[in-house]
Amino acid sequence: MDETNKLIEQRRQKLEALRQQGIDPYRNNFSPDTSCAQVRDNYEEGREVRAAGRIAAQRIMGKSMFVHFTDQTGKAQFYASRNDLGDEAFATLKHVDLGDFIGVTGKLFTTKTGEKTIHITDYVLLSKALRPPPEKFHGLVDTEIRYRQRYLDLMANQDVKDVFLKRTRIISEIRKYLESQGYVEVETPMMQAIPGGAAAQPFVTHHNALGCDFYMRIALELYLKRLLVGGIDRVFEIGRNFRNEGLSRRHNPEFTMLEAYQAYGDYKSMMALVQGMVCHVAETVLGTLFIEHRDDDGNVIRTIDLTPDWRTVRYKDLIREKAGENWFDLTPEERRAGAVKLGAEIHDTDEDFEVTNAIFEKFIEPNLIQPTFVTHLPKELVPLAKISPDDPSTVEVFECCINGQEIAPAYSEQNDPIQQRETLEHQAGGEQQKLDEDFIVALEHGMPPAGGMGMGIDRLCMMLLGQESIRDVILFPQMKPLQNPQKKEAPEDAGK
RNA sequence: GGGUUGGUAGCUCAGCGGUAGAGCAGUUGGCUUUUAACCAAUUGGUCCAGGGUUCGAAUCCCUGCCAACCCA
């Protein structure tokens, strides 16, 4: 960010020189008719094209030159010679910089080495870059700059741009799939007086005119259920949730969530929805149901097979597999001791179901690489779901785990207002949360039986795109702000 | 919150007590089918910040800042 850098100074001087020549380096008088991808894919020898992009690399050879430029679709090459452009225009072109935007017109041809190229007859400088781009061969590696100045990352690293363009297509295909199933998309409040629908620490903000605090939402659930009450029978929202908790490879304070609710459905209909949707997305965006994850050297480290039908297994069976057949016949004290012996992290305040769940989270979930519906979770874990008739200690839910992460939980939604109040009051006592009375009132007006599901879009993208960090699927991940050097510390704060 | 690793030119990285280096990019010259173009010359630094040890610190020690990874 050095403002006195010599490279920047040189570019400013070039900018001035262009203006002296009567060239405005920021004027828009160019409409391309051909993208970089079309230079390759829509090739026809001698076809006249107009193309534009950012200069990525140039090879100057005396009286001619080759230049690679990029647009959203990728990279293309143009060829310029002094004979075609004239002395002055060619000399000016030799002095454009990497990073500048240029528009060119010319005819398509193929070089000796077989690259489809534009032989230009004219060009116009569209925007002068005053700072040098990252290095062309190694790209940009520094993670801090990649995240803080993502535009440089996108500019320098084609694979990064591909990931984000695919993320966009994934979300687009999710919408298409849900709409094809009759779901309608809505928007519900991000600022809520009582943050509900999950157990998580919220961010607090303040509304001046109303004179009260609001919370940034931690889930979409309670408002979408109000819409079921209102008669919108198939409803979904894709939007940001905010949780004031730790940052990690898998957690960003703001993250994107999909929630969908289907009146007259249940957790089983949600299974079909999740499986159908993920398969549709994988097939349309990636063209395959086999997802290969690679390490930095390009070796395949795991392959995820999304071919239906996915494995379905009960929570208790997975626990027994890991912790012993008699696990649920033990006393709570024996379970606690057993969990500690296995190496799970148990806190003194953990209740019995939390002790068991610690085993699930530490030893089972991380190993569920292939898509798995884990069903019949203990009712204490899920306060918004219906009790399973065949095992009243559990609820009618699943957690869909893929790639060692929970990607999508889904329930047969609790619609009994009296039972719902009891569970929420019990939870509110433990977690010191406020009870959303208006939500209960809505349930008292009658909510149809429904299946509901949530899906962590960032984690889904990690799984589908083979990214090991959530920061590599979020364009601008949360970073600690850099100290602004212009903001001087007050003297009395100097000790802090 | 704890641990590990890292921060050196615009970018990618060496150097790890004894005069701050390379490649790319930049500048100048040469070159009309190159593609990490090539050839020759050349510019460029608060070695993250602040203390300490030392005759001497980018290098060793301490503190702080930022980041990545692991753990909680």
Side-chain angles (χ1 to χ4, degrees), chain A residues 1-14 17 36 39-40 55-70 74-87 90-91 93-100 106-120 129-149 151-153 155-158 245-251 295-296 343-347 350 358 361-362 366 467-472 477-485 487 489 494-496:
Chain A
M1 299 286 188
D2 185 357
E3 299 303 324
T4 59
N5 184 282
K6 186 181 173 183
L7 296 173
I8 296 172
E9 191 46 45
Q10 277 174 351
R11 284 174 180 240
R12 285 178 180 272
Q13 283 166 11
K14 285 185 178 181
C36 287
V39 169
R40 299 186 302 273
I55 293 174
Q58 51 187 350
R59 294 168 290 283
I60 300 171
M61 298 170 302
K63 299 178 185 66
S64 72
M65 61 195 291
F66 286 91
V67 179
H68 271 127
F69 64 105
T70 59
K75 186 169 77 169
Q77 179 173 257
F78 70 76
Y79 169 79
S81 75
R82 196 173 69 173
N83 279 357
D84 303 319
L85 294 178
D87 289 355
F90 187 74
L93 183 59
K94 274 165 90 167
H95 285 90
V96 300
D97 285 309
L98 298 186
D100 292 354
K107 287 183 174 155
L108 295 178
F109 78 109
T110 304
T111 65
K112 272 186 195 169
T113 50
E115 179 161 354
K116 290 159 182 168
T117 302
I118 307 169
H119 186 145
I120 70 167
L130 293 181
R131 291 172 184 267
E135 198 232 16
K136 62 181 176 184
F137 182 62
H138 296 93
L140 182 65
V141 173
D142 186 303
T143 48
E144 189 167 353
I145 301 177
R146 286 186 49 229
Y147 296 153
R148 287 191 195 277
Q149 295 175 271
Y151 48 90
L152 294 177
D153 193 21
M155 196 188 294
N157 300 323
Q158 180 63 42
E245 293 166 359
L247 287 75
S248 79
R249 201 165 62 80
R250 293 157 188 247
H251 297 87
D295 64 15
D296 291 340
E345 284 116 32
I346 309 297
H347 308 97
D350 283 350
E361 285 184 355
K362 175 141 188 184
Q467 299 300 309
E468 298 295 316
S469 170
I470 197 169
R471 295 184 193 96
D472 292 322
Q478 199 59 249
M479 302 285 277
K480 192 159 183 170
L482 291 174
Q483 205 71 303
N484 187 346
K487 212 183 207 171
E489 274 185 273
K496 169 99 181 24

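Naming convention: chains lettered A, B, ... in sequence-line order (proteins, then strands); numbering from 1 in each chain.
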If the [atom1] atom of [N] is compared with that of [M], how far apart are they to the nearest Å?
N	M	atom1	result
B:G45	B:G15	C1'	15 Å
B:C16	B:A36	P	32 Å
B:C48	B:A68	C1'	16 Å
B:A57	B:U8	C1'	14 Å
B:C62	B:U53	C1'	10 Å
B:G51	B:G3	P	25 Å
B:G44	B:G10	P	12 Å
B:C31	B:A20	C1'	34 Å

Checklist entry - Of A:I145 and A:E115, whose closest RNA chain B nucleotide lies nearer the 5' terminus? => result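 The residue closer to the strand's 5' end, by nearest nucleotide, is A:I145.
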Ignoring hydrogens and angles, does a donor from either the side chain of [X] or the base of [N] sit under 3.5 Å from an acceptor on the other?
X	N	answer
A:Y79	B:U32	yes
A:T111	B:U34	yes
A:Q10	B:U27	no
A:N83	B:U32	yes

Checklist entry - What residues form a ring-ring contact (aromatic ring centres under 6.0 Å, His included) with A:F66, not counting sequence neighbours? => result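 Partners of A:F66 by the ring-ring contact (aromatic ring centres under 6.0 Å, His included) criterion, ordered by chain and then number, come out as A:Y79.
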[X] [atom1] - [N] [atom2] separation (whole Å):
X	N	atom1	atom2	value
A:D472	B:A67	CG	P	15 Å
A:L140	B:A67	CG	P	16 Å
A:I55	B:G26	CD1	P	11 Å
A:Y147	B:C66	OH	P	18 Å
A:L7	B:G44	CG	P	12 Å
A:Q58	B:C31	CD	P	17 Å

Item to check | Qualifying residues under side-chain contact (heavy atoms from CB on, under 4.5 Å), relative to A:L7, sequence neighbours excluded | outcome: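 So A:L7 forms a side-chain contact (heavy atoms from CB on, under 4.5 Å) with A:N5, A:Q10, A:P132.
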Item to check | Any residue meeting side-chain contact (heavy atoms from CB on, under 4.5 Å) with A:Q478, in chain and number order, not counting sequence neighbours | outcome: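 For A:Q478 the side-chain contact (heavy atoms from CB on, under 4.5 Å) partners, ignoring immediate neighbours, are A:L247, A:N252, A:P253, A:E254.
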Could you tell me which residues satisfy salt bridge (Lys or Arg N to Asp or Glu O under 4.0 Å) with [X], sequence neighbours excluded, listed by chain and number?
X	result
A:R250	none
A:E468	A:R249, A:R302
A:D296	none

Item to check | Listed partners of A:D84 passing side chain to side chain donor-acceptor pair (under 3.5 Å), at least two apart | outcome: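 If we apply the side chain to side chain donor-acceptor pair (under 3.5 Å) test to A:D84, skipping adjacent residues, the hits are A:S81, A:H119.
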Item to check | CA sep, side-chain torsions, deciding dist, call: A:D472, A:Y147, side-chain hydrogen bond (donor to acceptor under 3.5 Å, both in side chains) | outcome: CA-CA 9 Å; A:D472 292 322; A:Y147 296 153; 3.0 Å; yes
Item to check | Minimum-distance nucleotide to A:R471 side chain [options: B:G44, B:C31, B:C69] | outcome: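 Within the option list, the nearest is B:C69.
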Is there any protein nitrogen or oxygen under 3.5 Å from a nitrogen or oxygen in nucleotides 2-6 of chain B, and what are the pairs?
none

Polar atom pairs (N or O), protein with nucleotides 21-23 of chain B, under 3.5 Å:
{"residue": "B:G23", "atom": "N2", "partner": "A:E135", "partner atom": "OE2", "Å": "3.4"}

